[in-house]
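Taking it in order: structure first as structure tokens, then the write-up.
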Amino acid sequence: MKLFEQIIEATIAGDSDQCSSLARQVIDQGINPLEAIEKGYNRGMEIVGDKFARMEYYLPELMVCADAMKAALDVLKPHLGKDQGGGVIGTVVLGTIQGDLHDLGKNIVKTMLLASGFTVLDLGNDVHVRKFIDKAIDGNADIIAASAILTTTMAYMPDLASLLNEVGKREKFRIMVGGAPVTPDYAVEAGADGYGENAAEAVKTAKRLMQEMSKGGVK
């Protein structure tokens, strides 16, 4: 659809006014707003994320594009019915794990998640494993996402699954991990459900986990 192509182009360009205008066209033309998000804005942000990963875009461009998509979502969200939100929008508890004070990568992931329609409960850095879980329970979250930049701090990541099992909440939440020293194999060893090599992959993983939860009847 030509409108979706225009949405993708406007998102990649970081044009907030155009993104908002096209979102209003979606509503005026009676197009399913969820379809516009999935096939237009999300696709645009996936391309932006890929460009960022290849260093074709840098943090300022990423932020501008994310703001453009958020402007469009402000227009579309009031028109999303409850039955439309489950497979795309979820709540993520996000933080850099205890002992680790780095948060640039975590903040980029937060920006991408917000731009893609997720609610993000950002705990900041140096976050104790127990705090991740308490916040997930209190906030009725779907996903717990932890990052680490240091090999010494990523050793705490397996404690997320262990403590969730201990409190009988493992089936309620999905766990995502990421960060420079983290590998897919380590994510599996840590008991995580997903891994993101970069911000764009983190968003794709979060969407996949939400779809799996929806299909499995969890939550």
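By the side-chain contact (heavy atoms from CB on, under 4.5 Å) test, V177 pairs with M157, I175, V182, A187, A192, sequence neighbours left out. Judged as a side chain to side chain donor-acceptor pair (under 3.5 Å), and not counting sequence neighbours, T111 has no contacts. For E166, the side chain to side chain donor-acceptor pair (under 3.5 Å) criterion is met by no residue, not counting sequence neighbours. A search for side chain to side chain donor-acceptor pair (under 3.5 Å) contacts involving N198 returns nothing, not counting sequence neighbours.
Between the side chain of Y186 and the backbone N or O of M154 there is at least one donor-acceptor pair closer than 3.5 Å. In this structure, Y41 contributes its side chain and A68 its backbone to no donor-acceptor pair below 3.5 Å. When atom types are taken as modelled, the side chain of R130 and the backbone of I133 share no donor-acceptor pair closer than 3.5 angstrom. Within the 3.5 Å criterion, the main-chain N or O of T91 finds a donor-acceptor partner in the side chain of D142. With hydrogens and angles disregarded, a donor-acceptor distance shorter than 3.5 Å links the side chain of D126 to the backbone of G99. Side-chain N or O atoms of S21 include none that pairs as donor or acceptor with a backbone N or O of D17 at under 3.5 Å.
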(request) Evaluate side chain to side chain contact (heavy atoms under 4.5 Å, CB included) for L121 paired with D138, printing each intermediate quantity in order. (result) CA-CA 11 Å; L121 307 178; D138 292 344; over 6 Å; no
(request) List the steps and the verdict of side chain to side chain contact (heavy atoms under 4.5 Å, CB included) for D122 and N107. (result) CA-CA 9 Å; D122 185 2; N107 290 339; 4.1 Å; yes
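Residues L3 and I31 have side chains in contact (heavy-atom distance under 4.5 Å, counting atoms from C-beta outward). Annotation: side chain of V48 is in contact with side chain of L62 (closest heavy-atom distance under 4.5 Å). In this structure, the side chains of E46 and V203 stay at 4.5 Å or more apart for every pair of heavy atoms. Using a 4.5 Å heavy-atom threshold, the side chains of I149 and T96 count as separate. Taking the side chain as every heavy atom from C-beta outward, T153 and Q98 never approach each other to under 4.5 Å. Side chains of M210 and F118 form a contact here, defined as non-hydrogen atoms less than 4.5 Å apart. With contacts defined as side-chain heavy-atom distances shorter than 4.5 Å, the pair Y195/V188 does not qualify. In this structure, L59 and I108 have side chains that are in contact, with non-hydrogen atoms separated by less than 4.5 Å.
Hydrophobic cluster membership is shared by M1 and M69, with clusters built from Ile, Leu, Val, Met, Phe, Trp and Tyr side chains linked at under 4.5 angstrom. L160 and L150 are members of different hydrophobic clusters when ILVMFWY side chains are connected at heavy-atom separations under 4.5 Å. No continuous path of ILVMFWY side-chain contacts below 4.5 Å connects F52 to V64, so the two sit in separate hydrophobic clusters. Side-chain heavy atoms closer than 4.5 Å link hydrophobic residues (I, L, V, M, F, W, Y) into clusters, and following such links, even through other members, never connects L114 to V75.
Residue Q29 holds its CD atom at 13.0 Å from CZ of R24, rounded to the nearest 0.5 Å.
Of all non-hydrogen atoms in K135 and L123, the two that sit nearest each other are CG-CD2, 3.7 Å. Nearest heavy-atom pair across A148 and P181 is O-CD, 3.2 Å. Here the closest heavy-atom approach between residue A161 and residue R170 is recorded as CB-NE, 3.9 Å. Taking both residues in full, the closest heavy atoms of L94 and F132 are given as C-CE2, 4.1 Å, listed atom of the first, atom of the second, then distance. Taking both residues in full, the closest heavy atoms of P33 and I27 are given as CB-CD1, 4.4 Å, listed atom of the first, atom of the second, then distance. Taking both residues in full, the closest heavy atoms of C65 and M45 are given as O-SD, 3.8 Å, listed atom of the first, atom of the second, then distance.
Within the structure, salt bridge (Lys or Arg N to Asp or Glu O under 4.0 Å) pairs that include any residue of residues 57-68 comprise D67-K70 (at least two apart or interchain).
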Taking distance alone, no hydrogens or angles, what donor-acceptor pairs closer than 3.5 Å link side-chain atoms of residues 4-12 to residues at least two apart or in another chain?
residue : atom : partner : partner atom : Å
T11     : OG1  : I7      : O            : 2.8

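With salt bridges taken as basic N to acidic carboxylate O contacts below 4.0 Å, none links D100 and K106.
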